Number of protein chains: 2
Amino acid sequence: MAQTQTIFIIDDQESVRSALAEMLSVFGYNVETFESADDFLGKLDGERSGCIVADVRMPGTDGIELTRELARRQVGLPVVLISGHGDVPMAVAAIKAGAEDFIEKPVDDIQLVAAINRGLSHTTERLAQSQSLQSLKERFGRLTRREAEVFDLVVQGFTSQGIGAQLDISPRTVESYRVQIMEKMQAESVAVLVRFAVRLGRITP
Amino acid sequence: MAQTQTIFIIDDQESVRSALAEMLSVFGYNVETFESADDFLGKLDGERSGCIVADVRMPGTDGIELTRELARRQVGLPVVLISGHGDVPMAVAAIKAGAEDFIEKPVDDIQLVAAINRGLSHTTERLAQSQSLQSLKERFGRLTRREAEVFDLVVQGFTSQGIGAQLDISPRTVESYRVQIMEKMQAESVAVLVRFAVRLGRITP
DNA sequence: AAAAAACTGCGTAATTTTACCCATGTATCG
DNA sequence: CGATACATGGGTAAAATTACGCAGTTTTTT
């Protein structure tokens, strides 16, 4: 259960990467470094757990954009942003984007470690959630167009008859789809299916 | 339905209050001023809607503490914080506390108005949402103990038989409760009931 | 204390959903 | 062209839900 936590250091400057990696290693963290956000995103496998420490200003995707992208992808990893020339509007944007903290250089080791630990304490749950969400999305993706249509109507509470009327097909056919849907989604009841739909954002709770 | 929106200006300096009030009045807002956060909190009646514009540094409760206090009390009013000597850590604390924005002096009118409007648009949604949630809670509150038990099991996907077995009562009886539950909750299908349950926080989506 | 309301429980019948089977036509892809 | 996936439709029987009615026991209200 206790998966290894890794600190992902993302900075375009080699000197900063190695300094941070050295420092965090001393504190006992398992560290990996990346020279750009895009490099990191490309190697993201969704299986890893830990905390990201990234510079705000970088060529390509910057730290704040990275944070937004991770949120958009519903990756549960917390992000601690570091800035050399940070100003208030940038800090506001960073936190609004969902960053765990925004730290100015020169970095205070204690402050950084504290931020990382705050992030790590939230990460495990979020990761588990995002993994199961990933699995859900895959299962939903296996539904055919028609099945997805029926799915949406089922979780809205329509009966097979009503769905058949709306799609102008036989209720029997709808029931065939329902069976397929329940199987593919691995839902043993409509109630579970509705919760899946909520998690998938296909209906608002 | 469309309630009057008010901008609540909170600043210990009279000159700032009047200047902001004057400026926002020109932009067509309905404005009220308070000379301290505690003054404002004392006069909060919970019926008002709008947006708070507060200075960060004030005698007594400061702007960030005010923001936290409002969050704690679950007041839906958005807060735009203004700071004369703002720094990055303060901005981080402000946004983490839930402030809509953190603006440095000298205040850019356009920026302030933009932040206020963002806040107001959130207020409206939150208000509508909290109202319908309120209604849901009331309806749920009308369920008897037994009905609430059955409710929880139904939205978890158990069948009447399964529920009867768990509660050690006849499946027929369970169905009686189901009818009552559907009526009281005003849900026309199990799917809708499950969504209600999610909104009520009785099940995790 | 009497009346009203609410909680709890069950039965029957009609409707709906599930669980198994199955077949046909179309489109797509190697 | 054959294999495969998709959309469509069906039958039957079991299981589940819904609708409607009824009754004893608590609790609340008047």
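In what follows, every chain begins at residue 1, and chains take the letters A, B, ... in the order their sequences are listed. Computed from a predicted structure; not experimentally measured.
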Donor-acceptor side-chain pairing of B:R139 and B:S135 below 3.5 angstrom: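 Yes, a side-chain donor-acceptor pair sits under 3.5 Å.
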Length of the line joining A:I181:CD1 and C:dT18:P, which is rounded to integer Å: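 Value for this atom pair: 11 Å.
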Whole-Å gap separating C1' (D:dA5) and CZ (A:R145):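 Atom CZ in A:R145 sits about 12 Å away from atom C1' in D:dA5.
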Plane angle bin for A:F8 and A:F34 - parallel if under 30°, tilted between 30 and 60°, otherwise perpendicular: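 Rings of A:F34 and A:F8: tilted, as their planes differ by 30° to 60°.
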From the options [options], select the nucleotide whose nearest atom is closest to the side chain of [X].
{"X": "B:T144", "options": "C:dC7, D:dT8, D:dG10", "answer": "C:dC7"}
{"X": "B:S176", "options": "C:dA6, C:dC10, D:dC6", "answer": "C:dC10"}
{"X": "B:R178", "options": "C:dT12, D:dT18, C:dT8", "answer": "D:dT18"}
{"X": "B:I169", "options": "D:dG10, C:dT16, C:dC10", "answer": "C:dC10"}
{"X": "B:R172", "options": "D:dT18, C:dT12, C:dT17", "answer": "C:dT12"}
{"X": "B:T159", "options": "C:dT18, D:dG21, D:dA16", "answer": "D:dA16"}

Flag, side chain of A:E22 to backbone of A:S18, donor-acceptor distance under 3.5 Å: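 No, the answer is negative, given that no donor and acceptor are paired below the 3.5 Å cut-off.
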Ring-face cation contact, A:F140 with A:R202, 6.0 Å cut, 45° max: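 Because its charged atom misses either the 6.0 Å distance or the 45° angle limit, A:R202 does not stack over A:F140.
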Heavy-atom check, side chain of B:R48 versus side chain of B:L77, under 4.5 Å: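 No, their side chains stay 4.5 Å or more apart.
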Whichever of A:K184 and A:T173 has its nearest DNA chain D nucleotide further upstream toward 5':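 The residue whose closest nucleotide sits nearer the 5' end is A:K184.
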Angle of first-five versus last-five pair axes in the helix from C:dA1-D:dT30 to C:dG30-D:dC1, to 10 degrees: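 The two end axes of the helix from C:dA1-D:dT30 to C:dG30-D:dC1 meet at 50°.
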Electrostatic pair A:E65-A:R68, nearest N-O below 4.0 angstrom: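 Salt bridge flag = no for A:R68 with A:E65.
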